[in-house]
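Lettering of chains follows the sequences in order, A, B, ..., and the numbering in each one begins at 1.
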Amino acid sequence: MKTTSALTRERLLLAALLLLATVTYGNVWSRGAYADDFIHFSHVAGKPLWEAVQSWPEKLPSRVAQGLTVALVLSVFGGDSPAGFHWAWFHALAVLAFVLSVLVVDRILRVLDVPWRVRLVSCLVFVLHPAKSEALMWAGPITGYALPLLVFLFGVWRYFQRAREGREALPALIVVWCAVLYAVLSIEQFLPVFAAVVGVRLLLFGSTRVAVARNAAGFCAIAMAFVFSVAASGAGMAERFERHGFVDLPSLPKNLANVAFHSMAALTEYRAHVFFSSPLDRRMLVSSSGWLPLGSSCGSCGLARTQRSVGARWRPYWWAECWPWRRCPPSWWSGTTFRREGFTSRYSASARWPGGC
Amino acid sequence: MAGGVLEVLWGWFTRVWQRGILVAGLSCIAAGCLALDQFDQYDYAQYWSVEEKIIRGLESASSDLPENGKVSLFNTPQPLSRVVGLDTLSCFQGLVDWIAPGKQVSASALTDFSEVFKLPPVLEPGAVVELQPPGDHWVLLWTGSEVVRVRQLRVQRSPGSGSVAPGAPLGQGQADAGLKSIDLEGLVPSEDHWIPGPDGLLEARWVLLIPDLDLAVLQVAVMADARVPAGARLYVRVWHDDGAVAASARAVAERTGFSTSGGKARMTMFVPGALTARGVEISLKYRHGVLGGLETLDAVELGSGPVSPFKTSSRNP
């Protein structure tokens, strides 16, 4: 069991991190709309909500949910006229969504028993990495990335938590799938990410035949809904894929490495064109904001195994031991070990392994 | 991932001073990221301060916007950061559609200035010509502090050597509600300043100077053929009396404001601070080579021709 002082320390540090996130992006009163935001607003302005959503695929096929978000944003914050748009409130909502995303990332990593130090640093990178500042300050990416990311992360958190606690009831799963569907229909990149999430869940939290069938059915339903929305959008889709590409699973490792190393390179060259009149003006990966939480957890998992192999002091995560060839907790795993190492003991032994060991 | 790396390093570094260095390094990275985020916020705020004035001005005059008319916006400031400017894609069209839905107004940004105000090919020294846009065509110009509607352009060809004489005060035209209207006074230098590159890749000409706005309006044409590779960029550097140098760059592509027709990509470029400018260099450069994952630029001098009062040079890939 964690001591009160340890819990207080974790909570205080997390609270400080959330405060840092708010301060970092908090100048909401000075921001507005930019460039293609006006195209988005002109497309839904003056139309009933349903008509705006229906016509959205003409503009951005496969992103039906973003049309819904933009229409809702315009109806809530639009004011009487374009000049009267309540930009400060809208951008305050974006910052709030981001702060909540940081909190949910921490919760997800906690479900995976990632130590508090790792969680804290992962969230610190997630908060401060400048690659996603565009997604937090630009109205278009806010509706396309920041808000769907929060919904997606919240769904993943509940998904993992219920699976680990052995309370994966069908109604709860349907709620999760709806959240993920909204995210997928906002940004198509969430679909392969969710495939990875389902794989992690089946790998780590028990994979009975029923669980496999149910989760696979849920993923297939979301994928089918996505394909249907793409097919229903008609012309323009081919052009969009030609412009942006689509899911390329074999290149997933390369893309993950690109996110990591491109981000590091971007940190060194970023702003060079401003400081030194350099002609470089490359755009960094907006979608990094979606990949960072996944990369953080996967990286923690792999490095934890490395940690064990190099003889580090703390035990490897229990889930790092649970690869397909060894599904049950190792014999050394016990509540005593976790209490001594300071890991969470929130979950009882029976709840951890719904499949039974 | 960063958390995992730090955890591994934390396990390796057992001494206090080692861990102190680790935490200090992380703090430095965090401080650097925090500074970059603040820069981003500043840039977005600066650019929005411009767009907000354009929106307020246009909305206050939206009732007077002609149905099925046309609006051209010139000289939109370029944002410093990753924000896309109004002159790309159909952003300005979207803005006008949002402000005046149902009016079917055609909007464009940074089109060819000479298409709106057609300067006569030959203008005798000292001659004056008055140019007006069509009645259903609004011409908006960002002056550096506000957006104004240009109703008339009165151009005089300089009788002297091309030096810029102090201009007359701006003529104040009829004001729309919330959108200031002005009549511009322009001055065309006495010499012909068409400077074709050796291979005809780049042509540049000073069309006119607007002393009251301290602006120079420059016509640039780049040959749109196979010799100009994709990714070619146009660079404009301006030297001023006080030694200051201002530079701007723009990709030679239709989506960044160039209009391509007749085998040429044409654009009007606005050079602020024209009254104190001592020289201008126009270069065509292209991306070349890859070094350490970062693309570098290379340019080869093609030729140059001194132009009073400005110098223009063109570079060939």
Side-chain angles (χ1 to χ4, degrees), chain A residues 24-25 27 30-43 45-46 81-83 87 114-115 117-122 124-125 128-130 133-134 137-138 260-261 265 267 269-271 274 277 279-284 295-296 298-304 306-307 310 312-314, chain B residues 1-8 10-12 26 29-30 32-34 36-42 44-45 47-49 51-52 55-56 59-60 79-86 88-99 101-102 233 235 245 247 249 285 287 292-297:
Chain A
T24 305
Y25 302 103
N27 295 346
S30 65
R31 295 199 287 267
Y34 312 94
D36 50 2
D37 296 340
F38 303 119
I39 302 176
H40 294 175
F41 288 134
S42 68
H43 199 68
S81 64
W87 289 113
V114 176
R117 292 191 298 268
V118 177
R119 297 201 318 260
L120 188 71
V121 176
S122 298
L124 183 68
V125 172
L128 290 180
H129 198 299
S133 59
E134 180 175 298
M137 298 176 194
W138 198 333
F261 293 107
L267 270 179
E269 68 149 316
Y270 183 70
R271 288 275 162 194
V274 177
S277 295
L280 294 171
D281 65 344
R282 78 174 60 228
R283 292 166 62 88
M284 285 179 280
S296 299
C298 291
S300 302
C301 170
L303 286 167
T306 309
Q307 168 85 350
V310 298
R313 288 198 261 165
W314 51 269
Chain B
M1 189 176 290
V5 169
L6 192 78
E7 188 71 5
V8 170
W10 193 266
W12 283 345
L26 179 69
I29 292 174
C33 291
L34 187 61
L36 292 177
D37 290 329
Q38 298 307 307
F39 276 126
D40 263 338
Q41 289 204 90
Y42 174 78
Y44 274 81
Y47 191 55
W48 168 243
S49 68
E51 290 190 325
E52 189 177 25
I55 290 174
R56 291 189 184 283
E59 185 179 300
S60 60
L80 286 174
S81 65
R82 287 163 284 162
V83 186
V84 179
L86 264 182
T88 59
L89 303 174
S90 306
C91 300
F92 185 56
Q93 178 71 64
L95 189 150
V96 172
D97 287 344
W98 184 33
I99 291 174
R233 296 171 71 85
Y235 290 82
V245 178
K285 300 181 181 180
R287 294 180 186 277
L294 302 179
E295 289 176 322
T296 59
L297 285 173

Going from [atom1] on [X] to [atom2] on [Y], what distance comes out if it is rounded to the nearest 0.5 angstrom?
| X | Y | atom1 | atom2 | value |
| --- | --- | --- | --- | --- |
| A:S30 | B:Y44 | OG | OH | 12.0 Å |
| B:L95 | A:D36 | CG | CG | 12.0 Å |
| B:C91 | A:H40 | SG | NE2 | 9.0 Å |

Residues that A:S42 engages under side chain to side chain contact (heavy atoms under 4.5 Å, CB included), provided they are two or more places apart: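 Side chain to side chain contact (heavy atoms under 4.5 Å, CB included) check on A:S42 returns B:D97, B:W98.
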Non-hydrogen side-chain atoms of A:F38 and B:E51 separated by less than 4.5 Å: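 Yes - at least one pair of side-chain heavy atoms lies under 4.5 Å apart.
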Chain B contacts, top residue of A:A33, A:A83, A:P82 (heavy-atom pairs, under 4.5 Å):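 The answer is A:P82.
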Side-chain donor/acceptor of B:Q41 to backbone N/O of A:N27, under 3.5 Å: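 Side chain of B:Q41 to backbone of A:N27: a pair is present.
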Whether A:Y34 and B:Y47 hold their rings parallel, tilted or perpendicular, with breakpoints at 30° and 60°: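 The rings of A:Y34 and B:Y47 lie parallel, inter-plane angle below 30°.
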Engaged part of B:Q38 at the chain A interface, taking heavy atoms whose separation is under 4.5 Å: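 Contact with chain A involves the side chain of B:Q38 alone.
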